[in-house]
There are 4 protein chains.
Amino acid sequence: MGFKEIKTAKKKEDIIRSAAKIVSKKGYHGATMEDIAAELLMTKGALYYYFENKDDLVYHCHDLILSSAIKTLEDYLKSNISSTDKFKKAVEVHVEFVIAEKETFNMIIKPQHTFTEKRLAPILDKRQKYANIFDEIIQQGIDNGEFKITEIKMARMMILGALNWIQQWYLPEGKKSKKEIVDIYSDYLLKLLK
Amino acid sequence: MGFKEIKTAKKKEDIIRSAAKIVSKKGYHGATMEDIAAELLMTKGALYYYFENKDDLVYHCHDLILSSAIKTLEDYLKSNISSTDKFKKAVEVHVEFVIAEKETFNMIIKPQHTFTEKRLAPILDKRQKYANIFDEIIQQGIDNGEFKITEIKMARMMILGALNWIQQWYLPEGKKSKKEIVDIYSDYLLKLLK
Amino acid sequence: MGFKEIKTAKKKEDIIRSAAKIVSKKGYHGATMEDIAAELLMTKGALYYYFENKDDLVYHCHDLILSSAIKTLEDYLKSNISSTDKFKKAVEVHVEFVIAEKETFNMIIKPQHTFTEKRLAPILDKRQKYANIFDEIIQQGIDNGEFKITEIKMARMMILGALNWIQQWYLPEGKKSKKEIVDIYSDYLLKLLK
Amino acid sequence: MGFKEIKTAKKKEDIIRSAAKIVSKKGYHGATMEDIAAELLMTKGALYYYFENKDDLVYHCHDLILSSAIKTLEDYLKSNISSTDKFKKAVEVHVEFVIAEKETFNMIIKPQHTFTEKRLAPILDKRQKYANIFDEIIQQGIDNGEFKITEIKMARMMILGALNWIQQWYLPEGKKSKKEIVDIYSDYLLKLLK
DNA sequence: TATGAATGAGCTTTCATTCAT
DNA sequence: GATGAATGAAAGCTCATTCAT
């Protein structure tokens, strides 16, 4: 990758991050290309140099965050700790993303209502990939006797649902700190697996 | 209530149901007044005879379903069964609504991105009222020794999060039947409370 | 005229008066048929039993007031007083109408922007008829030596312009009472004629 | 001001002038954004690049003309001529604007029926500023003995009313030329002040 | 006569997208 | 690479008008 490409890639990521911020705050439809450009002190038109269209841009927002989450999780998966600890870590990571990235790590939004077909498949794929990590952790736990459930996928969906939901009510200035939340969730959700 | 009022009320509910259907399918922004009217073989203009504006109409969609869910749940709450059974029933009811009403019973969407302030408060109120029912069931279970957790609200939020999430993946033609899903969810989520 | 016709005529006048009130307050475009009907505790539809359309209704508003003003003025014209006194009376009457009927006696609005061609001619005719009364008073005053100007029509237009303009600034709670206004206007405008 | 700003400002003025023309012909409600755009061979949407909304655009129409009238008048006010001559000049200028700019210099329309509150205040302010110029001329005339009246504001309102009214009846192809009208009006209205 | 309901044309406004410069 | 300007399609909404009952 030459110098130019690197610069372009960086600019692209800048745009993605800004866009993610705005989309988080206002939602897909509430965030206009104008808003996103304004945040970057650019003009609308310039965005189209880097991204095909709004769909494409917002897709990359999701993709960036999701990829990053997957990478983070996969690193923990490799480490030599108990499945219970892996699960706890996974909860911690997920909560972190859910809170920090809000809308963009919003596994909650119906992508069908937002993305065109072209973008839908890759997003669903990546979501699946992310979910698989949880499945693997659970499977591993079952294999080594730490967990004992039969419906892995259902359990995983409950867990992810519970975690994603945090986004709906979490406030930085709320009663419980992020750490407390993570602990309670880890604790309770583990009961579900054991 | 005179004959006319009844007829009007019925028509209003018709409209609400149709609107709910469209909004479920296409999301708030994707569903146009035109779409909703077309479904009813009416013209856009006619909708405005019954509802102030789109916001008002969609608000009533949510209100109708949510009120209905609350009523259904409250009936079970009064009945003379164990807290565990009440919980199972609650899960069943919730899943039923989540699946049948889809978007309209979508406790998931950020209402901030959809409703104007005027409509936001009542919706949040009613959601809270709904959540309270779950809290009560849990509290009752704790009081009579069936459940033994300390963080009622956190547990309730995990549970509702898990249940709402079903909407994201449920397909009528999926592998698991609705009944199976309800059973597994009840089963697993109860572990969380015990 | 039979009983029915009388009743209908009365109702029509009721509607006209209400319409005039609303149109005065909100202007032609601001006043909706709904508004007018509401004031009368009727429904929109009913208005169409009495008047062809909005244009027709508002036309009759203007016509009613204008006719009434003409009649009032003509009575004074016949009376056996000096032209100066006639003029003073005319000013008084005009101010009264301008203030009380506001928009409806609004000789100011461009009828071209409000009425369709069909209604335009009769309105302009009646306005002309009204203006003629002022011309006659002035002519009479010239004939008997009280006034001494040559451009009767121009003078009349100045005078009516000045008087109509009162509508733009008059406030019931203003510094000057209606009577004071009439006196000052009579006084100053007479200088114009002498 | 850079080149771009100048170009934009020019375009804005172009739009304002076109809008003024249309609004003059059809009135505020009769003139659609489509009409205005068509006159400029633009599309509706483009207008919104330059102006917030219709209200904003029409406000600027009024503002432009009124500002221009104020400027023109103020120049005469400074010159070293008699108050009588100043008054004559003021009448001439006013008539010129009334005739040339029609609706846009329409001090006649009730701005309350047209503008939203936000725009109302500045318009009323500017109208007042314009009126003040007439008051000053009159006051000056009184001070130097050319005029002898006590009710300055009332006189000014009569005069402006009379002048504005010209708009209602003036036709370019009418019997009296613009110059004749100005002369007669100046002549007669001066009698009012002396 | 009067009403409730519906229509439909027309309006303002928004915004993703395009493109000459 | 970036901008200013423009487009055009679509949306929400209003309201005079109609008409069966």
Side-chain angles (χ1 to χ4, degrees), chain A residues 4 7-8 11 28-37 40-58, chain B residues 2-5 7-8 11-12 15 29-37 40-58, chain C residues 4 7-8 11 28-37 40-58, chain D residues 2-5 7-8 11-12 15 29-37 40-58:
Chain A
K4 278 227 172 126
K7 229 181 115 193
T8 295
K11 186 88 195 180
Y28 181 83
H29 290 98
T32 68
M33 293 298 270
E34 189 93 49
D35 291 335
I36 295 166
L40 288 148
L41 305 176
M42 299 171 115
T43 52
K44 271 193 281 192
L47 297 178
Y48 287 87
Y49 181 79
Y50 296 96
F51 298 93
E52 276 179 54
N53 50 35
K54 189 180 181 182
D55 202 49
D56 185 37
L57 171 52
V58 177
Chain B
F3 181 63
K4 282 264 166 73
E5 279 87 2
K7 230 179 117 193
T8 296
K11 185 88 196 184
K12 268 189 152 186
I15 296 175
H29 290 98
T32 70
M33 292 299 269
E34 190 95 47
D35 291 337
I36 295 167
L40 288 147
L41 305 177
M42 297 170 115
T43 54
K44 270 188 289 186
L47 295 179
Y48 287 89
Y49 183 79
Y50 295 96
F51 298 93
E52 276 179 52
N53 48 37
K54 189 180 178 181
D55 201 51
D56 185 37
L57 172 53
V58 178
Chain C
K4 279 230 172 125
K7 229 180 116 193
T8 296
K11 186 87 196 181
Y28 181 83
H29 290 99
T32 68
M33 293 298 271
E34 189 93 49
D35 291 335
I36 295 166
L40 288 148
L41 305 176
M42 297 170 116
T43 53
K44 272 194 279 193
L47 296 179
Y48 286 85
Y49 181 79
Y50 296 97
F51 298 93
E52 274 179 55
N53 49 36
K54 189 180 179 183
D55 202 51
D56 185 37
L57 170 53
V58 178
Chain D
F3 181 63
K4 282 269 166 70
E5 279 87 1
K7 230 180 115 192
T8 296
K11 184 89 195 184
K12 268 190 154 186
I15 296 176
H29 290 98
T32 71
M33 292 299 268
E34 189 94 48
D35 291 337
I36 294 167
L40 288 148
L41 304 176
M42 298 171 113
T43 54
K44 272 187 286 186
L47 296 180
Y48 287 87
Y49 183 78
Y50 295 95
F51 298 93
E52 278 179 51
N53 49 37
K54 188 180 180 183
D55 202 49
D56 186 37
L57 171 53
V58 178

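Numbers restart at 1 for each chain; the letters A, B, ... are given by sequence-line order, proteins then strands.
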TODO: Whole angstrom is fine here: how far is it from CG in D:Asn53 over to P in F:dA11?
DONE: 22 Å
Open item on the list: If you compare all heavy atoms of A:Val58 against all heavy atoms of A:Tyr28, which two are closest, and at what distance to 0.1 Å?
Closed with: CG2-CE1, 3.5 Å
TODO: Could you grab the distance from atom CG of A:Leu57 to atom CD of A:Glu52, nearest 0.5 Å is fine?
DONE: 11.5 Å
Open item on the list: Give me the atom names and distance for the closest heavy-atom approach of A:Lys44 to A:Ala37.
Closed with: N-CB, 3.6 Å
Task: Separation of E:dT18 P from A:Phe51 CZ (nearest whole Å) - done: 16 Å
Task: Pairing string, 5' to 3', for DNA chain E - Watson-Crick or wobble contacts under 3.5 Å, brackets [ ] where pairs cross, | to another strand - done: .||||||||||||||||||||
Open item on the list: Nearest 0.5 Å, please: how far is CD1 in B:Ile15 from NZ in B:Lys12?
Closed with: 8.5 Å
Task: Nucleotide-resolved protein contact map, nucleotides 5-11 of chain E, B/S/- at heavy-atom distance under 4.0 Å - done: BBBB-BS
Open item on the list: Using whole Å, what does the distance between atom P of nucleotide E:dA2 and atom CD1 of C:Ile36 come to?
Closed with: 16 Å
TODO: Establish, with yes or no, whether the OP1 or OP2 oxygen of F:dT14 is under 4.0 angstrom from a side-chain nitrogen or oxygen of B:Tyr48.
DONE: no
- [ ] Verify side chain to side chain contact (heavy atoms under 4.5 Å, CB included) between B:Thr8 and B:Tyr50, making sure each step is shown before the conclusion.
- [x] CA-CA 8 Å; B:Thr8 296; B:Tyr50 295 96; 4.0 Å; yes
Open item on the list: Looking at every non-hydrogen atom in both residues, tell me the closest pair between A:Asn53 and A:Asp56 and how far apart they are.
Closed with: OD1-N, 2.8 Å
Open item on the list: Looking at every non-hydrogen atom in both residues, tell me the closest pair between B:Leu47 and B:Met42 and how far apart they are.
Closed with: CD2-SD, 4.1 Å
